[in-house]
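Only one structure is covered here, and it is reproduced in the block below.
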Amino acid sequence: MFFESAPCTGLCRYRLPVFPDSCFCLALVLLFCATAFAGESHESRVQAVETELKPKIHFVGDQPASITQRLAAYRVPGMSLTVIEDFSIAWTRYYGFADREQGRPVDPTTLFQAGSISKALTAAATLRLAEQGLLDRDLPVNAYLQRWQLPDATNTAQQPVTVDLVLCHGAGLNLHGFDGYRSGHALPSMMQMLNGDEPANHGGIAVVHRPGRAFVYSGGGYLLLQCLLEDRLALPFDEILAREVLEPLGMRQSSFANPPPPDWTGYLASGYQPGGDPVLDRYRLFPEQAAAGLWTTSPDLARFAIDLAKSVKAGNGKVLNQASARAMARCVLDESMGLGLFLKQRGEHMYVSHGGRTVGFVALFEINPQTGDGAVVMINGDHYDLLEEVVNSVARVYQWPEYLEEAQPRLPIPADLQKRVAGRYRYSADLLIKVRAEGDQLFFAYSGAPETELIRTGENLFQRRNSTTLITFPTDKSGQVSLAFYLPEGGMQVQRRMAPDEKIPRELLWGNQPEAALAAYQQALREFPGDPGVNAGDMAATGRYLVEQGDVAAGRDLLWVTAHLFPEDEKHWLVLGRVCRENGDIEGAVSAYRRAYALPAGSTEAGKALRDLLGRGFKE
C-alpha cells in the first residue's frame, strides 16, 4: 500500500517524502536476506502473481500473461504493487518507469496520484472527527458550512443533505468527477470551485436529485465536505488529513498538498494517456483535494487498508473505532456502496475497495477485513482493466475465498453472424456503441473509449472481457438488428442501429461542424430528454480543458455550442468571449459578450469587456 511518522507541525502542509537513511538501508538489507532464506514458497508466489494475469472476465482457453507483457500491451510505463497477507504487507514490487522520457524507474521513492481513493481517506478522517464529537454526521451540512451555504432546493424539502449522505454518494449532488488543472496555471479558490466560477473548470455544486433516494456518485459532494472540514477545524484540508489519518498510520510518503512542493519533483511519477503519450506538464493538479488530491505510494495505501480492516474486524486500528469502521463497510443506499468505500459481497465474504483515476494515473486498493488479505496497485497510465487483472492474479495465487469468477465458455462467431451484428448503435444523446469485426473476432467500444473484445458465450449471447452484463442482438420483423443489454433487474435495454450516414453530435463537433453539432444536440435532447450526458457543466468544463491542452479550435467550438445550447446562462457567454479574445478572434468575442450583456441581468463583466474592445463604438 512505509516510513516512520514525525509529529504534526505547521510544516505538515508541505510534508516531504521520507526516504531511507543509512540505518534504514541496513534494515532493508537484513529484511531482504531474511526473506530470501524464508524458503522458495514466498518467491514462487511472487513469480506466480507476476506471470498469471487474466482479465476480470476470462474465458475457457485464455492464456495467462505476465505483468511485463501487460504493461507493454497497455502502453503503461510503470507500476507499483503491494500484496497484503494476514493484515500485514507481504511484499512490494516495482515495474517499469516513473518517467519514460527521463529513463527514471519506479522505485520505493516514487509517488503516484491516487485519484478518487482520496475519498476513502477523507471519509475516514470525517468519521474520526465525528468520534471526537467535532461533528454530527446526521446534521445538515449547512449547519457546519461557514464560508458558503448549499442552496436550498425543492429536492431537499423533506430530506436535507447530511454528512453521511455525502459520504455514501446519496446526497443527490452533481459533479461526478474533476479534470484537474495544468501545473503552473492559476488554481481556483474554494469559493470559485463551489460556485463554478473561473478559473474553476467545472460547474457549481447543486442538489440535482432528491437526497437519500439513490446512489449517484458525486465528487462534488466530497468538495463540499472539504469545505466543511476546513470551516469546522479552521485548518487547511491537507493539514487535517495529515493529522487525522496520514500521521497516525506513518504514511510519510503521502500528502494532499496541491500543488506539491518543488522538492517533490524528482519523486513524482509522470502520467501517460491511454495511447502512451505523456500528459502535458507531466500531471494535473487537484485543489479538489478531498475528492482527488492524494499523492502516495502502494505501501502507504496498504497501511491505510490494513488499519481499516483491523478496525472492522477487531476494533484495533489506529484511526477509527470498530463502530465507525463498520459504518464505512456497511451498505447504505446501494449494495455496492458504504461510507467512502465500495463493497463487494462474495458469498460469506465482504471485500472493501476504492479505485481512483486522474489524467494519466489509475490506482486501486482492495482488502477482505475478515482475512486481512488484499492488494494495492498504482500505475502511471490510464487502463483500469490492468489493475483488475493484477488483483485477480493476487487473488488466485493467495486463494482469496469466493473472489474469482469461473471461466466463461467461448464459442466461435461465424462470418455471417459477424456481418449481421457489426455496426453502430445509438446509446444515448451523445454516445454510440461501435461493434467491429476483425478476423474471427468482434470488438465493442463506446465512442471515445478503448475497444474490448466481444465474445460469444451462447446462442445470440455475448459478453465483454470487462463486464458481466450479457449482450444480445435481437432482430425485428423487418429484419432490423438492434443491440440489447440484459438488465440485472430483468428485461432488456435496447439500442437502435444507426443509419450509415448518421452521426452523433460530438462527431460533428470534432469534424469542425459546430453549427451542425448544435442542431444535432437540440435534436438529441428531444429524442433523449433529460439525458445526463448533455449538460452545461460538463460540456463547458471539457471545452475549457481542450483550450488549456492547446486544442483551441475544438475547445472554442465546444464552448460555442454550449453557450448556444444553454443561452440563458451568462457564464458560458463570458467564457466563450474570453477564449475568443485571448486567441485573437475579436469578432467572436464581441458577439459572445453582446449575448451576455443582452441577458435580463445585463452582465457587468460583459459590459466592461465590450467597452474595452469597442471603445466609443459600444453603446449601453
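The structure displayed is predicted, hence computed values, not measured ones. Position 1 is the first residue of the sequence; numbering continues from there. Quick note: numbers below take in every heavy atom, side chains included, and nothing from hydrogens, waters or symmetry partners.
Annotation: cation-pi pair R232/Y144 absent, no NZ/CZ under 6.0 Å from the ring centroid and within 45° of its normal.
Salt bridge annotation for R581-E587: absent, with no cationic side-chain nitrogen under 4.0 angstrom from a carboxylate oxygen. Checked for salt-bridge contact, R496 and E527 meet the test: a charged N lies under 4.0 Å from a carboxylate O. Checked for salt-bridge contact, R147 and E230 meet the test: a charged N lies under 4.0 Å from a carboxylate O. Checked for salt-bridge contact, E548 and R284 meet the test: a charged N lies under 4.0 Å from a carboxylate O.
With sequence neighbours left out, F286 forms a ring-ring contact (aromatic ring centres under 6.0 Å, His included) with no residue at all. When the salt bridge (charged side-chain N to carboxylate O under 4.0 Å, His left out) test is applied to R213, no partner is found at least two apart in sequence or on another chain. Residues that satisfy the salt bridge (charged side-chain N to carboxylate O under 4.0 Å, His left out) test with D164, not counting sequence neighbours, are R137.
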**Request:** Under the side-chain hydrogen bond (donor to acceptor under 3.5 Å, both in side chains) rule, what do Y217 and K119 come out as? Steps first, then yes or no, please.
**Result:** CA-CA 11 Å; Y217 191 87; K119 296 180 178 69; 3.1 Å; yes
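The distance between the ring centers of F361 and Y283 does not fall below 6.0 angstrom. Checked against a 6.0 Å centroid threshold, the rings of W573 and H564 count as neighbours. For an aromatic pair to be called close, the ring centres must be under 6.0 Å apart, and H202 with F178 satisfies this.
Annotation: E605, atom CD; neighbour count of heavy atoms from other residues, nucleotides and ligands within 6.0 Å does not exceed 12. Open room surrounds CZ on R75; 12 or fewer heavy atoms of other groups in view lie less than 6.0 Å from it.
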